[in-house]
Amino acid sequence: MTRRYFLLFALLWTGIAAQAAQPVNIIFIIGDDISWDDVGAYGNGKVKTPNLNRLAREGIKFTNMFLTASSCSPSRTSILTGRYPHNTGAAELHSPLPAHLKYFPELLKQKGYYTALAGKWHEGPHTRRAYDTLLVNQAQNGEGGELQWVNLLKSRPRNKPFFFWLSPYDAHRPWSASTNGPQHDPTRDVDVPPTLVDTRETREDLVAYYNEIARLDHYVGELEKELAAQGLSENTLIIFTADNGRPFPGSKTRLTDAGIKTPFLVKWPAGIGAGQTCQSLVSAVDIAPTLLALAGIGAGPTFQGKSFAHLFKTPDQEFRKYVFAEHNWHDYEAYERAIRTKDFLYIINKRPKLDNGGPIDANQSPSAKALKAARKTGKLSPLQEDAFKVPRASEEFFDNFKDPAQVENLLRNTAYSRQIQALKKVLAQWQNDTGDTVPEHLTPDWYDRETGEPLPAKDQRGEMPGAAKHAERVNGKGPF
């Protein structure tokens, strides 16, 4: 090799090595109450999400990412700690995380990252220590919770890599009177999900929901413009996901795919090729170990998930055999557990005498009232009627490929006996390994299930699942 070519090679290698050594910036966007199939990239041709669709085209789209709960704060605390809800000490809605757990942004901060949260913050006061900056004033964040996103990029310390937890209020009820971004027409721009009846009230309800998703999408575009203006696009990893299914009956708080399957789009030009799709089964407890790994940080023993960073390069590899999820108190008493494989879903319910029409914001919505009115005619489909079913099945088993909407409970179908017994055994092992318990006295209903009016038991708490075994200190990961 001549001296000239040797110097050229050395300079090139030095540049590559320097780029590789540069810490990746991370932006984690978690939408509020947005179903996976209410994003254009996942097949909804009516909702207007051009910027999220571009994230999918320019990065990787995960089609089998599952949450550990279809309930706001339990889902978020699970992501933050990499632990199952009953292992966080905060399994129920609006329960604060304990101080002794590790929060992954905190570990990024200790590594030298500038960390910030903007928008919704309800994971407990101890999580404050995970962030250099907390922007949680709703007036400053704007009605949708996105107004500070670009300001964060402009005002960040320029000598540090950064991690942003961007937590918009979109698309949580109540809806905004007006929104930025494209608007939707109730007669043309709505896909009514099969859990709801197609009425004017339902369509107007869905349009308001779509408009809030479109507002979030608009600010994703503004964020990307600022990243480009600052020359940060190449080495900034952007994730878009959501905390649970849409706030309508049949979705939020459900352990079927309508509740726990979530959009998960990742763009990182320096590390991820464009236009990829990953069908591997992944759990939300795996997000924290993955982001820590990308920052060169090993996830400690408190994290129950595993890194899936290698899927960014080899998306065709299999990852998990099982994902697990749980439904605990969210306005109403509940105890359900689920295990899902690519093929099957198995759910147990220890409170089968109670219905599951969703939390109060869903079961008092215009869409729910339209369902109730249609029910009087006796013309609801089995999936629509399911929101009112009492008693519910204590066990459910679904074939995900033959029945993707998960309508027909095949528990009594002897053709599936072997698969049902296998999943029942693995679910029991997960509960045992992770210290899950079924308290006799769970937190009761705080509201009337029909009218939504407060009950005398409002603000009273029962025993938290896992508390009897101190599950918040159990680090068992369970089957993988």
Side-chain angles (χ1 to χ4, degrees), residues 30-35 67-78 85-86 88-97 120-124 167 169 171-175 195-196 205 209 242-256 258-260 325-338 347 349-372 386-392 438-467:
I30 181 163
D32 202 348
D33 292 6
I34 298 174
S35 285
L67 302 162
T68 60
S70 185
S71 179
C72 304
S73 64
S75 176
R76 292 163 186 256
T77 55
S78 186
H86 67 271
T88 65
E92 297 179 345
L93 183 71
H94 300 320
S95 300
L97 281 169
K120 187 171 185 175
W121 177 53
H122 66 156
E123 295 83 44
S167 182
Y169 315 126
H172 197 288
R173 295 177 187 271
W175 311 129
T195 48
L196 305 175
D205 208 14
Y209 164 65
D243 59 357
N244 52 249
R246 65 179 75 88
F248 292 79
S251 298
K252 190 174 178 179
T253 72
R254 301 305 296 269
L255 295 186
T256 55
I260 62 170
E326 53 194 83
H327 172 208
N328 303 303
W329 180 91
H330 184 136
D331 298 332
Y332 304 105
E333 183 176 344
Y335 185 102
E336 293 180 275
R337 298 293 183 264
I347 301 172
N349 185 353
K350 297 300 183 181
R351 293 295 186 272
K353 293 183 179 180
L354 304 175
D355 67 22
N356 188 356
I360 191 169
D361 61 344
N363 69 34
Q364 296 301 307
S365 66
S367 295
K369 291 174 181 176
L371 263 180
K372 292 171 185 177
D386 189 75
F388 308 103
K389 188 182 293 183
V390 177
R392 299 191 61 77
V438 188
E440 182 180 352
H441 300 291
L442 293 167
T443 298
D445 289 5
W446 283 11
Y447 306 95
D448 185 277
R449 290 180 178 245
E450 178 61 30
T451 67
E453 292 298 315
L455 296 173
K458 188 177 183 298
D459 300 326
Q460 295 178 20
R461 292 278 185 179
E463 182 182 332
M464 193 81 74

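Note that these values count all heavy atoms, side chains included, but never hydrogens, waters or copies made by symmetry. These figures come from a predicted structure and were not determined experimentally. Residue indices begin at 1 and follow the sequence shown.
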* So which of S35, S365, S367 actually passes side chain to side chain contact (heavy atoms under 4.5 Å, CB included) with Y209? -> S35
* What is the minimum heavy-atom distance between T68 and S78, and which atoms define it? -> OG1-OG, 2.8 Å
* To do: Supply the atom-to-atom distance E326 CD to H86 NE2, rounded to the nearest 0.5 angstrom.
  => 5.5 Å
* Qualifying residues under side chain to side chain donor-acceptor pair (under 3.5 Å), relative to R254, sequence neighbours excluded -> D386
* Would you find a donor on one side and an acceptor on the other, under 3.5 Å apart, between the side chain of Q364 and the backbone of E450? -> yes
* Evaluate the criterion side-chain hydrogen bond (donor to acceptor under 3.5 Å, both in side chains) for residue pair T253 and N356; output intermediate values, then yes/no. => CA-CA 8 Å; T253 72; N356 188 356; 3.1 Å; yes
* Asked: Do R449 side-chain atoms and D355 backbone N/O form a donor-acceptor pair below 3.5 Å?
  -> yes
* About how many Å separate CG of L196 and CG of D205, when rounded to the nearest 0.5 Å? -> 8.5 Å
* Shortest non-hydrogen contact from D331 toward Y447 -> OD1-CE1, 3.8 Å
* Asked: Do K350 and L442 come close enough that some side-chain heavy atom pair is under 4.5 Å?
  -> no
* To do: Please tell me if the side chains of K252 and H172 come closer than 4.5 Å, counting only heavy atoms from C-beta onward.
  => yes
* To do: Ignoring hydrogens and angles, tell me if any N or O in the side chain of S70 forms a donor-acceptor pair with the backbone of G259 under 3.5 Å.
  => yes
* How far apart are the closest heavy atoms of T77 and A90, and which atoms are they? -> OG1-O, 4.0 Å
* Asked: Does some side-chain heavy atom of R173 sit less than 4.5 Å from a side-chain heavy atom of D33?
  -> no
* Closest approach of P74 and A69, non-hydrogen atoms and distance? -> CB-CB, 4.1 Å
* Non-hydrogen atoms of D243 and D32 that approach each other most closely -> OD2-OD1, 3.0 Å
* Asked: With distance as the sole test, does W329 use its side chain to make a donor-acceptor pair with the main-chain N or O of A91 at under 3.5 Å?
  -> no
* **Residues that E92 engages under side chain to side chain donor-acceptor pair (under 3.5 Å), provided they are two or more places apart** => T443, R461
* Non-hydrogen side-chain atoms of T195 and F248 separated by less than 4.5 Å -> no
* To do: For the pair E336 (side chain) and L255 (backbone), establish whether a donor and an acceptor sit closer than 3.5 Å, ignoring hydrogens and angles.
  => no
* Asked: Is there a side-chain contact between N328 and R337, using heavy atoms and a 4.5 Å cut-off?
  -> yes
* Asked: Does some side-chain heavy atom of K120 sit less than 4.5 Å from a side-chain heavy atom of C72?
  -> yes
* Taking atom types as modelled, is there a side-chain donor on R76 or N244 under 3.5 Å from an acceptor on the other? -> no
* Asked: Pick from H94, H327, H330: which one makes a side chain to side chain donor-acceptor pair (under 3.5 Å) with S71?
  -> H330
* To do: Given side-chain hydrogen bond (donor to acceptor under 3.5 Å, both in side chains), test N363 with Y332 step by step and report yes or no.
  => CA-CA 11 Å; N363 69 34; Y332 304 105; 3.2 Å; yes
* Minimal non-hydrogen separation, A325 against L67, with atom names -> CB-O, 3.7 Å
